[in-house]
There are 2 protein chains.
Amino acid sequence: MASNAVFAEIAALAGDPARAGMLHSLMDGRALTASELARAGGITPQTASGHLAKLIAAGLLAVDRQGRHRYHRLASPAVARMMESIMAVASDATSSRRRIVVGPRDAALRAARTCYDHLAGRLGVALADALVAGGHMELGSDAGLLTDSGMALLGDIGMDVEGLFARRTGRLLCRPCLDWSERRPHLAGTIGAALCAHCFAEGWIRRSEGTRAVAITPKGQLRFRQAFGVTLS
Amino acid sequence: MASNAVFAEIAALAGDPARAGMLHSLMDGRALTASELARAGGITPQTASGHLAKLIAAGLLAVDRQGRHRYHRLASPAVARMMESIMAVASDATSSRRRIVVGPRDAALRAARTCYDHLAGRLGVALADALVAGGHMELGSDAGLLTDSGMALLGDIGMDVEGLFARRTGRLLCRPCLDWSERRPHLAGTIGAALCAHCFAEGWIRRSEGTRAVAITPKGQLRFRQAFGVTLS
DNA sequence: CGGATGCTACGGTGCGGGCCGAAGCATGAG
DNA sequence: CTCATGCTTCGGCCCGCACCGTAGCATCCG
């Protein structure tokens, strides 16, 4: 069966440490240059170039050329979901084998980070928990449902909830995403992405340079507590 | 970052053609012996033994020993989801590159097959479409919702819908799963799995030997048409 | 128009790992 | 007990590919 070979090819592409590092650094949804990706993978630019060519040929990455730079990004949300699902399995594996060593960089990532287009880490999990605890959302293992009070809450903080629901055929755009650090679900899907974008737009969180970690601003501290009852150190 | 290495290790395990073949043959949720998996991977038993040891050590497979046989199965639904998501990406890749060659075996798989624990292929997609068209279900890109009429319909065909909803905390156990052959969503999640199990229990479908393809029985033809308005050649 | 920068193409090296044959343990059958 | 079956371990072969150094194109700057 030919589909089997293609499957193995895709998985093998993600299975090289250097390429995995590059793909990881693209998980925040931004586009990076080949040099930046080389650093992310811990390899020289010429080696990275070869890897990138393969990833593009396989349809995992898309590229925008601007002048002498080439900005690479994940080709589709499907690729990001694949990465997430592999991370979930990897997380299962490590925790059952041995306690993993966590560095200082990991600490920031565990506190709050972006997961492709939505929020993850303790912040992401805390927000999801708060929404569920307040009766604003129901979250199963495979899907989530925003209640009327949840729609009202998101509207109160300034999100265009109606617009989100009007866009697609299905009414539910809310999906749990298993957090690899907290091992609990956080909020993904279109609503998760919109909430994340809103937090950036309102200045509640800010990207840290060169990492997927995000910092919570003082304003964010205040608003997360007011709106969701969430307090993070 | 250590998590990166673990990620690459998991992906690399899935990225070997022989191992990919073995994992694929386990996607119907059944447990197979080492010899059967060796055939599935197109390798000798001693080579398969090494591969299986790695897959078990990494937490991708679980094993039940019965007498002199060892039955291997996917360790968790998370592994099956990882496989599905890689297949989705692989499907994207091939279709954008070149029309794939389809063999006669593929034809049966495309008509109707199991996808870990639920139905896929034309049958799976047709059922999902029928449920949506009849107003029994709403299906977005990330989640699905069963309507009241949908619950009634499933109850009518003899499923214990109440029991499903009582089991978990979240109320929605309905999830779309992108079909790699039809490139359209079909019904997964707990409800998808229960519907599939019900179809087997009632004798509407039957497993074909040595493949994930399923055959629709004459009784199934009749009932699928009566209950869902679905007719398949 | 040079010179710097970002990226790619090519050639050669070295290591990891997939593969099988042969042999060694278990379990079950006769 | 003896043989057959299912699975694993060991040893050696060899292919594939990740890697880098060098060199060749593009693009922007002064």
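Note on naming: letters A, B, ... go to the chains in the order of the sequence lines (proteins, then strands), and numbering restarts at 1 for each one. Worth knowing before you read on, the calculation uses all heavy atoms, side chains too, and leaves out hydrogens, waters and symmetry mates. In this text the structure is predicted, and so the values were computed from the model without any measurement.
Nearest to the side chain of B:Arg65, among C:dT8, D:dT9, C:dT27, sits C:dT27. Nearest nucleotide to the A:Ser49 side chain, out of D:dC19, C:dT8, D:dT8: C:dT8. Here the nucleotide nearest the side chain of B:Asp16, chosen from D:dA18, D:dT9, C:dC19, is C:dC19.
When the C1' atom of C:dG11 is taken as reference, atom CD of A:Gln46 falls 13 Å away, rounded to whole Å. Spacing between atom CD of A:Gln66 and atom P of D:dC28 amounts to 10 Å, rounded to whole angstrom units. In this structure, B:Arg70 atom CZ and D:dT8 atom C1' are separated by 8 Å, rounded to whole Å. Put simply, CE on A:Met22 is 8 Å from P on D:dC19, counting in whole angstrom units. We find that OH of A:Tyr71 is positioned 13 Å from C1' of D:dT27, with the value rounded to whole Å. One interatomic measurement links the two molecules: NE2 of A:His51 to P of C:dA9, which rounds to 15 Å at whole-angstrom precision. Here D:dC17 presents its P atom at 10 Å from CG of A:Leu13, a figure rounded to the nearest Å.
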Legend entry - Audit row: A:Leu52, A:Arg19, side chain to side chain contact (heavy atoms under 4.5 Å, CB included) steps and yes/no: CA-CA 8 Å; A:Leu52 290 173; A:Arg19 284 192 294 255; over 6 Å; no
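At a threshold of 4.0 angstrom between heavy atoms, the contacts of A:Ile43 are confined to the sugar-phosphate backbone, with no base atom among them.
Between the side chains of A:Gln46 and A:Ser49, not a single donor N or O lies within less than 3.5 Å of an accepting N or O.
The shortest distance between the side-chain N/O atoms of B:Lys54 and the OP1/OP2 oxygens of C:dG17 is not below 4.0 Å. Side-chain N/O atoms of B:Thr47 include none lying less than 4.0 angstrom from OP1 or OP2 on C:dC19. Proximity of A:Arg19 to the phosphate of D:dA18: a side-chain N or O atom is located under 4.0 Å from OP1 or OP2. The side chain of A:His69 places no N or O atom within less than 4.0 Å of a non-bridging phosphate oxygen (OP1 or OP2) of D:dA26.
Using modelled atom types, one side-chain atom of B:His118 and one backbone atom of B:Cys115 make a donor-acceptor pair closer than 3.5 Å.
Take the nearest nucleotide of DNA chain D for A:Arg68 and for A:Thr44: the residue whose nucleotide is more 5' is A:Thr44.
By the 30° and 60° cut-offs, the orientation of the rings of A:Trp204 relative to A:His198 is perpendicular.
Using a 4.0 Å cut-off between charged side-chain N and carboxylate O, B:Arg73 and B:Asp64 make a salt bridge.
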